[in-house]
Every structure is written in structure tokens, then in C-alpha cells.
Amino acid sequence: MQANRPRGLSVGMQVSFNPAADVEAAMLQAATAIGLDCARFAPEVRTADPKHGDFQANGVLAFAKREKQNPRALAEKLVAALDAVTRERYDVTIAGPGFINFALKPAALLTWLRAFASRDALKSGAATAYAGKTWVVDYSSPNTAKQMHVGHLRSAVIGEAICRLVAFSGANVIRDNHLGDWGTQFGKLIYGYKRWADPAALEREPIEELERLYKAGNDATPDGSPALDEAREELVKLQSGNPESLALWKTFTEVSQRAFDSIYTRLGIKFDHYLGESFYNDKLDRVYNELTELKIADVSDGALVVFHDEIPRFARNAERPNPFMVRKADGASGYASTDLATALYRSEHFKADGIAIVTDFRQGDHFEQLFLTVKKWFGAKNYHLPELHHVSFGAVTGEDGKALKTRDGGTIKLKSLLDEAEERAYAVVSEKNAELPEAERRAIANIVGVGSVQYADLSQNRSSNYVFSWDKMLSLEGNTAPYLLYAVARIHSIFRKAGVKPGEAETAAASLETPAEISLARKLVKFADAIRLATDTLRPHFLSLYLYELASEYSSFNNADKVLVDDPAIRARRLLLCARTLLVLETGLDLLGLRTLQRM
RNA sequence: GCGAGCGUAGCACAAUGGAUAGUGUAGCGGCCUCCGAAGCCGUCGAUCCGGGUUCGACUCCCGGCGCUCGCACCA
């Protein structure tokens with residue numbers, strides 16, 4: 001997946017959304033001009049450390065080495081062959097053994113800022129990368145009849161950010177909540193429900209009551225007990241379509257859905273589909289039949305399984321065999337079979353070009369086996385094979401490094417976690433801005449509180465575990481949601497004071513002059529690169545980090561250069577910088593799933 | 001036992017094989033007659049250990065060590 005890679009020649013045309021694309025094209029053109037074999041020469045243009053420039057081309061070093069040429073001399077020849085537009089737009093220098101550095105000149109920076117003046121302009125710049133692609137994103141996926149807890153947080157937050165990023169890059173995104181709505185737990189739940197259901201409690205706190213009934217059912221059915229046989233009987237009745245059982249199950253699903261929706265609303269999530277495991281019930285036979293017919297699956301100890309002999313740990317002769325369990329020995333389906341049916345449905349029905357499944361890293365083996373199996377199966381049948389991504393993430397831990405629990409060792413419910421975030425944010429807002437009316441402080445606290453929880457997760461590499469800390473995520477300092485939201489609020493404040501809207505009163509802007517102005521503009525131009533990196537790697541933290549650095553750059557600018565000065569040209573160009581910073585921050589935060597504020 | 005992920009300043013994090021490894025916090029020192037000081041500026045401080053590949057390694061490979069997790073009918 002190398003979307004948004006520089007392609008084609010755009011030299012001499014309008015500046016690109018991602019100027020690195022222009023540099024790449026110009027380098028290739030220069031290489032051709034001096035007779036280099038472009039099949040063997042890759043310019044390797046990337047964003048540079050600001051002290052070296054905006055972009056750097058590193059490809060000369062590797063190429064010169066391979067061709068036994070002097071890299072420095074080759075770099076000089078290439079630079080001399082660069083076209084006039086590029087030379088006009090960039091200060092080009094050669095450094096060290098043969099790095100070629102490109103620094104945008106202030107006039108070129110201004111051109112970019114004028115060209116990308118709205119969210120639509122940014123989107124149309126970004127949207128070429130995944131244009132025409134359909135992506136299914138499978139995230140959140142809680143079990144029905146249970147409350148969402150802290151373990152469901154990362155999938156929901158990271159998954160939503162990925163949906164927005166991929167959509168911004170031009171894909172048609174299908175948000176699919178693969179609910180755990182079918183399985184052995186429903187036998188025990190129905191068993192408990194029929195004996196101990198409390199109608200008043202079901203009315204008042206339906207999910208909590210279902211959890212209590214499941215627990216009661218589970219406690220009453222220990223291994224080997226006659227009660228367990230009864231619970232299994234309930235499961236058989238449900239799976240064979242008994243109307244009474246199905247009606248109960250349907251109620252459980254609806255009650256669960258309402259509870260989930262209230263969480264999703266707070267997190268700004270709206271699914272297109274809730275195709276849970278139950279949806280695939282009638283699609284499993286085809287999986288069994290085709291895998292058997294193709295001899296991809298074997299019967300082992302009575303179960304239908306797939307071994308992948310090319311991967312030692314999934315091979316049939318492994319020390320401890322770890323087969324992919326398609327159908328259990330008792331004939332029941334497992335999650336492997338529903339996941340296989342799901343992959344097929346997404347390929348055939350949604351025509352998916354990409355599938356991203358957002359679950360924790362512990363399921364890594366499962367998805368590796370799933371993807372191996374899908375590739376063999378689809379390959380043999382000539383089915384359309386989407387890109388398959390397991391978007392995995394680490395655990396949420398307490399400050400002791402262990403899984404996050406309540407003080408008394410219980411599971412933290414997502415609802416109470418979000419409540420606490422809002423309460424804590426309310427306390428901070430009330431302290432900092434006591435003069436605001438209470439209703440406004442509440443509204444601010446909701447956005448800051450939930451945003452802080454989301455951002456804490458999104459600001460770090462999803463692969464590692466993350467340490468949950470209220471104090472850090474709600475802090476006003478450092479790479480946090482409050483810091484970013486504060487920067488946004490301050491910019492709005494300047495426009496209020498100026499009496500103009502963002503985007504207005506900037507036509508008189510002539511050229512950027514001060515170091516702080518230029519530094520901020522250079523950061524703004526790199527938005528495209530941050531989007532590309534975050535999207536292609538499915539790692540939102542690259543965008544978070546960029547936004548934080550942008551906000552930090554803005555704060556320095558805001559401190560160094562007064563915006564609302566009398567000189568109309570200076571005022572106009574600084575208002576322009578404020579407007580674009582605001583646009584990029586608000587667009588970027590929205591892509592992460594955060595709401596922003598005009599005042600906080 | 002086998003396997004996977006992770007290991008970067010006191011703490012929490014970043015680094016798309018590139019230049020002197022960035023940032024926050026904590027510590028120290030500055031900046032409010034000035035658009036929001038919830039801010040800005042300066043300073044101190046780190047790649048788990050040992051080999052290898054490369055012009056160049058936090059990054060890739062091999063061997064250790066540590067933490068977390070997974071290993072047949074739960075998802």
C-alpha cells in the first residue's frame with residue numbers, strides 16, 4: 001500500500017497538495033535529463049528535519065554506490081539539471097555525502113496557503129490516494145448482553161480514526177460492527193433469564209440486569225452439572241430456531257444496541273452495519289464445503305481444521321499444533337468459521353478492496369491464520385481478494401503496568417470511564433474559567449473530557465501498551481487534547497477580536513517575513529505528509545504528533561508575532577496563517593474523531 | 001517448552017534505513033503596561049546486552065536478558 005506516492009510530472013503546474021510529489025517528479029525529470037537510468041534510480045524524497053530544509057532526496061547515495069560513482073558529484077549534476085520552476089520555488093542545497101535539501105521559499109509557501117484554503121480543498125488534495133476503493137473497517141465489536149468496558153475503548157477510538165482517515169483519502173468506507181451476538185454464552189443467559197429475571201430491573205437497567213442473569217446462569221451451571229446440560233439445551237433450542245428462544249435473543253440484542261448507541265454517540269461513532277456473528281449462521285456451510293472440496297481444511301480429532309505447513313508454528317507437525325479451528329468436533333461453529341464467512345461476504349457483497357479489523361494484539365495468531373486461509377481459499381476459487389489488515393493494539397494498563405481495573409479489582413465500564421472524564425474536565429474548566437455559565441462549562445467539559453480519552457489513545461503508537469493516566473491526558477501541557485483544543489480556542493478568540501471570520505481579511509497578505517511566520521507556514525505545508533503516513537500505516541498517532549507540533553509551532557508564532565497590528569499587509573498575512581492553522585487543526589482533529597471548541 | 005509484541009533520559013512518549021536520536025513532564029533559570037500565562041523562551045538528561053549486514057542502524061539479521069501476551073474445540 002503506497003498510496004499518494006508521487007507520480008507523474010507536475011513540474012510547472014500548480015503546487016501540489018503534497019509538495020514532496022513535485023520534488024520527486026522534478027528529481028526524476030532531472031535524472032532523465034542527465035541520462036540516468038530511471039528504472040534504477042529512486043529519488044527517495046521525504047520530509048526533512050526543518051534545520052535541513054522541507055524535503056530531502058536521499059536516493060543519490062544508494063544509486064551512486066551501486067553505480068560506483070561519486071555521490072557528491074552526481075548530486076551536483078542532478079541539481080544543475082533541475083527545471084526552472086523547481087529552482088524558483090525551492091532553495092536547493094547539497095549537504096554531507098550527497099543529501100539534496102529542498103527548502104520552500106516564502107513565496108512558494110504563500111502559494112500553497114492560498115491554494116488550500118478550505119476543508120474541501122484539503123480533501124480534494126488528499127482524496128486521490130484511495131479514490132475508487134472500498135474499505136470495510138471492522139471495529140468496536142462488543143459482545144451483546146454485556147456492557148462495554150475499558151477493553152473496548154481502543155478498538156472504538158482507533159477504528160473510528162482509521163475510518164475517517166481512509167475516507168478522507170478518497171475511499172468509500174463501510175463501518176461494520178461485528179457484534180459478538182451468537183455463541184455459547186446465550187445458553188447460560190437464557191437459563192438464568194428464565195429463572196431469575198427481574199422485570200423492574202430489566203426496565204430500569206437492562207444491560208446490568210442481563211449481566212447479572214448471565215452471571216447467575218454461569219454460577220448455577222458448573223462443569224458436569226445437570227444444570228449445565230439444561231443450559232446447553234437452551235443453546236440448542238436457540239440455534240435450531242425455537243421461536244421463544246429467538247424472541248428472547250432478539251430482545252437481548254435490542255437492549256444491547258441501545259446501550260452501545262449511547263456510548264457511540266458520545267464518541268462520535270455511527271456504524272453503517274451491525275453484521276454480527278449471527279448474521280453469518282446460514283453462510284457457514286458454504287465455508288465448510290469449499291474448504292473441504294479444495295482440500296484446504298482437514299478433519300483432525302473430529303474437528304475441521306486448517307494447517308499452514310509453510311509457517312512452522314501453524315504446521316501440522318509442530319511441537320504443539322495450533323490449527324485454525326473451522327468447525328468443532330461437535331459440529332458447532334467457532335469464530336474462525338464466522339470470520340471466514342465474513343471475509344467472503346465483504347468481498348462478494350461489499351466488493352471490498354481493503355478490510356481492516358481493529359482488535360487487540362492477543363488475537364494476532366488468529367488473524368494471521370485467517371488471512372493465510374482466506375488467501376489460499378480465494379486464490380483457488382478466483383474470488384476477489386481484498387487487502388487484509390489486522391490493526392492490532394496493545395493493552396490499556398494502570399500505572400502499575402497491569403491491566404486497568406477499578407480500585408476493588410473490577411472491570412471499568414466504558415460509561416463510567418467517560419463520565420469520570422467529563423467530571424474531571426468540568427473541575428478543570430471551572431477552575432480555569434469560573435466566570436463562564438455552568439451550562440457552557442458542562443458543554444466544554446464533555447468535549448474536553450471525551451476528547452482527552454480519545455486523544456490519549458490516538459497520540460501514541462497503537463502497537464505498544466498504553467498507561468492510562470487521568471492526570472496526563474487531562475493535562476493542559478504536552479501532547480494532549482486540552483493543549484490542542486486550547487490552541488484552537490485561542491485562534492477563534494483572535495478572529496472574534498478582529499471582527500472577521502477565518503478566511504476573511506487576508507487578501508492583502510503579500511509575503512511571509514518573520515522567522516515565526518515562515519516556520520509556521522512550513523509546518524502547515526506538511527499536513528499532506530502526515531495524512532499520508534497515518535493513513536498508509538493505519539497509525540493515527542502520526543497525525544496526532546503532527547497536529548501537536550503544529551499547535552506548538554502556532555503557540556510560538558502567537559507569542560513572537562502579534563497578529564492584530566495596524567499595518568494592513570502584516571495583519572493580513574498573519575490572519576491568513578491563523579486561518580490555515582485553524583483549518584488544519586480542526587480538520588485534523590475531526591479526522592481523529594475529536595470535536596473542537598470556539599471557547600474553553 | 002514453542003511463538004508473538006514490546007524494551008529509548010527519573011517518569012510518559014516520538015523518530016517512513018539517513019545528517020548532531022526529537023518532545024512532554026519532573027528539576028533549574030527567565031518572559032504578563034502586549035490578541036486567552038490552559039502560553040512562550042532557555043537549560044539539564046537516554047537507544048537493554050553482544051555480534052553481524054550497510055556508505056549510513058533506535059530501525060534490518062543472529063544470539064542473549066527483561067516485561068506483556070498467545071498456544072485444540074472461548075472470541
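What you are looking at is a predicted structure, and each value in this text was computed from that prediction instead of being measured. Side chains are part of it too, since the values below use all heavy atoms of this structure and drop only hydrogens, waters and symmetry mates. The sequence lines fix the lettering, A, B, ..., with proteins before strands; numbering per chain opens at 1.
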Would [X] and [Y] count as having a side-chain donor-acceptor pair, cut-off 3.5 Å?
X: A:Asp181; Y: A:Thr253; answer: no
X: A:Asn558; Y: A:Tyr554; answer: yes
X: A:Thr221; Y: A:Arg232; answer: no
X: A:Asp339; Y: A:Tyr280; answer: no

For [N], which nucleotide in any strand shown is its Watson-Crick or wobble partner with both distances under 3.5 Å?
N: B:U33; answer: none
N: B:G5; answer: B:C67
N: B:G42; answer: B:C28
N: B:C58; answer: none
N: B:A19; answer: none

Expressed in whole Å, how much space separates the [atom1] atoms belonging to [N] and [M]?
N: B:C58; M: B:U20; atom1: P; result: 11 Å
N: B:A4; M: B:C40; atom1: C1'; result: 45 Å
N: B:A21; M: B:C44; atom1: P; result: 14 Å
N: B:A57; M: B:G66; atom1: P; result: 28 Å
N: B:C55; M: B:G63; atom1: C1'; result: 27 Å
N: B:G17; M: B:A12; atom1: C1'; result: 27 Å
N: B:U25; M: B:A38; atom1: P; result: 14 Å
N: B:G42; M: B:G3; atom1: P; result: 49 Å

Side chain of [X] only, heavy atoms from C-beta on: which candidate in [options] is closest?
X: A:Leu564; options: B:A72, B:A14, B:C35; value: B:C35
X: A:Ser493; options: B:C13, B:G36, B:C34; value: B:G36
X: A:Arg320; options: B:G36, B:C40, B:A72; value: B:A72
X: A:Arg362; options: B:U25, B:C35, B:C69; value: B:C69
X: A:Leu61; options: B:G24, B:A72, B:G18; value: B:G18
X: A:Ala62; options: B:G36, B:A72, B:C55; value: B:C55

For [X], report the nucleic acid contact type (base, sugar-phosphate, nothing); a contact means any heavy atom under 4.0 Å.
X: A:Arg313; value: sugar-phosphate
X: A:Lys562; value: base
X: A:Asp181; value: nothing
X: A:Ser300; value: base
X: A:Asn143; value: nothing

Fill in: Pi stacking test for A:Phe361 and B:A4: under 5.5 Å apart, planes under 30°
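By the stated criterion, A:Phe361 and B:A4 do not stack.
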For [X] and [Y], take the angle between the two ring planes, folded into 0 to 90°, and tell me which bin it lands in: parallel under 30, tilted 30 to 60, perpendicular over 60.
X: A:Phe527; Y: A:Phe17; answer: perpendicular
X: A:Phe186; Y: A:Trp249; answer: perpendicular
X: A:Phe468; Y: A:Tyr466; answer: tilted

Looking only at side-chain N and O atoms, does [X] come under 4.0 Å of OP1 or OP2 in [N]?
X: A:Gln363; N: B:A75; value: no
X: A:Lys65; N: B:C55; value: yes
X: A:Arg496; N: B:C35; value: no
X: A:His366; N: B:C71; value: no
X: A:Ser556; N: B:C41; value: yes
X: A:Arg490; N: B:A37; value: yes
X: A:Arg46; N: B:G18; value: yes
X: A:Tyr483; N: B:C40; value: yes

Discussion item. If you assign each of A:Glu549 and A:Lys432 to its closest nucleotide in RNA chain B, which residue comes earlier from the 5' end?
Written reply: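 Mapping each residue to its closest nucleotide by heavy atoms, the 5'-most match is A:Glu549.
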Fill in: Most 5' of A:Ala95 and A:Val428 on RNA chain B, judged by nearest nucleotide
A:Ala95
Quiz question: going by heavy-atom distance under 3.5 Å, is there a donor-acceptor pair between the base of [N] and the side chain of [X]?
X: A:Asn101; N: B:A19; result: yes
X: A:Thr397; N: B:U68; result: no
X: A:Ser469; N: B:A12; result: no
X: A:Tyr335; N: B:A75; result: yes

Fill in: Residues in ring pair (Phe, Tyr, Trp, His ring centres under 6.0 Å) contact with A:His308, at least two apart in sequence or another chain
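A:His308 satisfies ring pair (Phe, Tyr, Trp, His ring centres under 6.0 Å) with no residue once adjacent residues are dropped.
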Worksheet item: Between B:C6 atom C1' and A:Asp360 atom CG, what is the distance in whole Å?
Response: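 It works out to 15 Å between those atoms.
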